[in-house]
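One structure is given here, and the rest of the page talks about it.
Per chain, numbering begins at 1; letters A, B, ... match sequence-line order. Owing to the predicted nature of the structure, the values given are computational and were not obtained by experimental measurement.
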Amino acid sequence: MQRDWFALVDCNSFYASCEQLFRPDLQGKPVIVLSNNDGCIVAASPEAKALGLTTGQPLFLVEEIIKANSVTVFSSNYELYGDISRRVVDVLRSFAQQLEVYSIDESFLTLPPLPEDQLKKLALQIRCAVRKLVGVPVCVGIAPTKVLAKLSNRHAKETQLHSAGVFVMPPNPELRLPFLQAIPVEKVWGIAAGLSSRLIKFGIRSAAGLALANTLLIRKLGGVVLQRIALELRGLPCIELDDYPAPRKSILSSRSFGSLVYNLPPLEEAVCSYTSRAAEKLRAQRSVCSAIEVFITTNPYRKNLPQYRNSSIEHLPEPASDTPTLCAAARRALARIWHEGFAYHKAGVILWGILPAAALNLPLFPPAISNRTKRDALMAALDTINRKFGRGTIRIASSGIQQTWQMRRTQRSPRYTTCWEELPIVSAKPYPTHPSRLPSKTLSPPK
DNA sequence: TCTGGGGTCCTAGGACCC
DNA sequence: TCTGGGGTCCTAGGACCC
């Protein structure tokens, strides 16, 4: 029986593409997007990559390249990227039997068992549809397994000029072998520095080497995880499509501060603010949590300053999801670990012991209007208002007003598609009579 | 001066149970 | 005098992903 195929659709330099989408003047130019707090590069357009700018580089190390080449720099704008991502997924759904949103810029699709040429045609249609309906470029890799689809997509990206950004892995394993031989083992999905150095010690250097390696050796070097990867490389699907993601088992919210924090009050504000965000995510998946962990840390890169990091877990008397209860618990945990005399650089909270809210054991004879009912109603109202008018429209007072610890986002673009005040303005000019006088597009951010 | 944030899965080892 | 074997659950830590 012929099996379905897997397609991996991956947006090219996604965050940079989102920025270019509303700034046509930046098409074909070097653009980078920074991590939270404007710290590292998290996305670079192909033109920026050509200058040597890559994901993960700290900004301050590449300032000269940026200045010398007039690279356009953006702070991250997750409101925008999240919205564009949803639009891409909407388009992809119309092509897929099943779809798994793997990350903000990647989705796996299952496709029916079609001949190779038809698969390629379908891949081209997907690519064109996303480009036309949303506006961002994507590459499509198709293969019999997810691990091979990842490699296929990588190949499509690397050979975009003559592959048109799509690639279908040959169905015949023997024809795939030369392709796999050219791929270094550390480029395979699921194999990072630790595993690859162990594999290389045993002479397994390429994807083909891993596909053909002895099963016992694979098991010894990387357990069942590596074995699954090896089988997938041989074309045997072991990693299923996850089209109904389970609710999160832990929820983390953390940030580095815009500047170092020395005192307890601003640290409490930050912890309450992150707790509010985590609680919001918790309620969005209709769950409650049983414990909350708070962690704080100094800046590990500042070797000249005294270093300290610690965390503490506060167990709740009964599972909860309301912001005031969780904030109170978080502050108790923070009080246990805070020490004077350190320059704090980052804090965060993690919600543990997550259960469906519906599974809560309620008292046998609850009062007509319990405290829980009131809290649930209050939180539902708060979430509704914040969804409608923007995150943080209503927030708990202990998360602070000034928020001096807030992260830096000095170069953020407008939230073009999710905020009424920041909608792009398109200005039209009288149509010129001669083609040589066609104006460049004048889509511009609002002033 | 300046170095992100948010997850998952697996394994080993200990506690505990019958 | 003789003191097993097999299972589950939980947790911490590691490795990996984007």
Side-chain angles (χ1 to χ4, degrees), chain A residues 8-15 32-43 54-64 66 73 75-78 81-82 85 100-108 146-147 150 153-154 185-199 219-229 238-240 242 245-260 270 274 277-278 280-282 285 290-291 293 295 297-305 311 313 315 343 345-354 407-411:
Chain A
L8 177 65
V9 182
D10 187 327
C11 302
N12 302 355
S13 315
F14 181 56
Y15 300 166
I32 58 170
V33 178
L34 304 177
S35 62
N36 275 327
N37 235 0
D38 293 349
C40 296
I41 299 176
V42 290
T54 56
T55 299
Q57 284 174 327
L59 178 66
F60 74 99
L61 290 180
V62 294
E63 298 271 23
E64 282 188 17
I66 289 170
V73 179
S75 301
S76 43
N77 182 348
Y78 286 100
Y81 313 147
S85 174
E100 171 188 347
V101 178
Y102 178 65
S103 74
I104 195 165
D105 67 337
E106 282 177 60
S107 290
F108 283 104
K146 286 170 98 175
V147 169
K150 274 286 226 185
N153 186 286
R154 195 181 119 86
V185 74
E186 67 270 18
K187 302 291 180 194
V188 175
W189 187 38
I191 296 180
L195 260 180
S196 71
S197 67
R198 256 178 285 162
L199 289 169
R219 199 63 194 241
K220 192 181 128 198
L221 292 176
V224 292
V225 178
L226 187 62
Q227 197 179 4
R228 274 201 285 263
I229 295 171
C238 305
I239 306 174
E240 293 192 359
D242 184 11
R248 304 259 170 260
K249 295 169 186 168
S250 68
I251 292 175
L252 179 140
S253 175
S254 79
R255 294 277 183 283
S256 301
F257 304 133
S259 52
L260 294 173
Y274 306 155
R277 178 69 193 120
E280 215 173 278
K281 292 189 218 172
L282 184 68
Q285 66 168 37
S290 317
E293 177 173 359
F295 62 87
T297 170
T298 53
N299 188 342
Y301 293 101
R302 299 283 298 273
K303 305 281 187 213
N304 55 332
L305 294 176
S311 67
I313 297 184
H315 293 270
H345 161 256
K346 179 178 181 177
V349 304
I350 310 174
L351 307 183
W352 296 109
I354 291 179
M407 63 182 177
R408 288 182 297 275
R409 290 218 287 189
T410 56
Q411 315 283 333

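You'll find that the side chain of A:R255 is closest to B:dG5, out of B:dC10, B:dG5, C:dC17. The nucleotide whose nearest atom lies closest to any side-chain atom of A:K249 is, among B:dT8, B:dT3, C:dC17, B:dT8. When each of B:dC2, B:dG5, C:dC18 is scored by its nearest atom to the side-chain atoms of A:S254, the top-ranked nucleotide is B:dG5. Checking B:dG7, B:dG4, B:dG6 against the side-chain heavy atoms of A:I251 singles out B:dG7 as nearest. The listed nucleotides are B:dT3, C:dC18, B:dT11; the one nearest the side chain of A:F60 is B:dT3. Among C:dC18, C:dC17, B:dG7, the nucleotide with an atom closest to any side-chain atom of A:L252 is B:dG7.
Not one side-chain nitrogen or oxygen of A:K346 sits closer than 4.0 Å to the OP1 or OP2 atom of B:dT3. Under 4.0 angstrom from either OP1 or OP2 of B:dG6 there lies no side-chain N or O belonging to A:R248. For the OP1/OP2 pair of B:dT1 and a distance below 4.0 Å, the side-chain nitrogens and oxygens of A:R302 include no atom meeting the criterion. OP1 or OP2 of B:dT3 lies within a sub-4.0 Å distance of a side-chain N or O belonging to A:H345. Not one side-chain nitrogen or oxygen of A:K150 sits closer than 4.0 Å to the OP1 or OP2 atom of C:dC17. The shortest distance between the side-chain N/O atoms of A:R228 and the OP1/OP2 oxygens of B:dC10 is below 4.0 Å. At B:dC2, none of the side-chain N or O atoms of A:N37 fall inside 4.0 Å of OP1 or OP2 (strictly under the cut-off). The side chain of A:S103 places no N or O atom within less than 4.0 Å of a non-bridging phosphate oxygen (OP1 or OP2) of C:dC17. For B:dT3, the OP1/OP2 oxygens have no side-chain nitrogen or oxygen of A:S256 closer than 4.0 Å.
Nearest approach of A:S35 to A:S76, heavy atoms of both residues: C-OG, 3.7 Å.
Atom pair A:I239:CD1 and C:dC16:C1' shows a separation of 12 Å (rounding to whole Å applied). Distance CG (A:N36) to P (B:dG7): 13 Å, rounded to an integer number of Å. Residue A:L260 contributes atom CG, which lies 11 Å from atom P of B:dT1 at whole-angstrom precision. Rounding to whole angstrom units, CD1 of residue A:I350 and C1' of B:dG5 are separated by 11 Å. In this structure, CD1 of A:I32 is placed 15 Å from P of B:dT3, rounded to the nearest angstrom. Taking atom CD on A:Q285 and atom P on B:dG6, their separation rounds to 15 Å, with Å as the unit. Between A:D10 atom CG and C:dC17 atom P there is a gap of 14 Å when expressed in whole angstrom units. Computed from coordinates, the A:R408 CZ to B:dG5 C1' distance equals 16 Å when rounded to whole Å.
Pairing partner, B:dC18: C:dG5, with both Watson-Crick or wobble hydrogen-bond distances short of 3.5 Å.
Within 6.0 Å of atom CD in A:E240, 12 or fewer heavy atoms from other residues, nucleotides or ligands are found, so the atom counts as exposed in its surroundings.
In this structure a side-chain-to-backbone donor-acceptor pair under 3.5 Å is present from A:R198 to A:L221. Here the side chain of A:S196 pairs no donor or acceptor atom with the backbone of A:E186 at under 3.5 angstrom. Checked by atom type and distance alone, the side chain of A:K281 pairs as donor or acceptor with a backbone atom of A:L252 at under 3.5 Å. No donor-acceptor pair closer than 3.5 Å links the side chain of A:Q57 to the backbone N or O of A:V62. Although no hydrogens or angles enter the test, the distance criterion places no donor-acceptor pair under 3.5 Å between the side chain of A:S107 and the main chain of A:V101.
Across all strands, A:E63 comes closer than 4.0 Å to no nucleic acid atom at all (heavy-atom distances). Here A:S253 lies in heavy-atom contact (under 4.0 Å) with sugar-phosphate atoms only. Backbone-only contact: A:L195 has heavy atoms under 4.0 Å from sugar-phosphate atoms and none from a base. Using a 4.0 Å heavy-atom cutoff across all strands shown, A:I104 reaches no nucleic acid atom at all. Nucleic acid contact class of A:D38 (heavy atoms, under 4.0 Å, all strands): none. Nucleic acid contact for A:L34: none, since no nucleic acid atom lies under 4.0 Å from a heavy atom of the residue.
Taking the C1' atom of each, C:dC17 and B:dG4 are spaced 15 Å apart, rounded to whole Å.
Projected onto DNA chain B by closest heavy-atom contact, A:A246 and A:N299 fall at different nucleotides, the more 5' of which corresponds to A:N299. Heavy-atom nearest nucleotides on DNA chain B were determined for A:Y15 and for A:V225, and the one closer to the 5' end corresponds to A:Y15.
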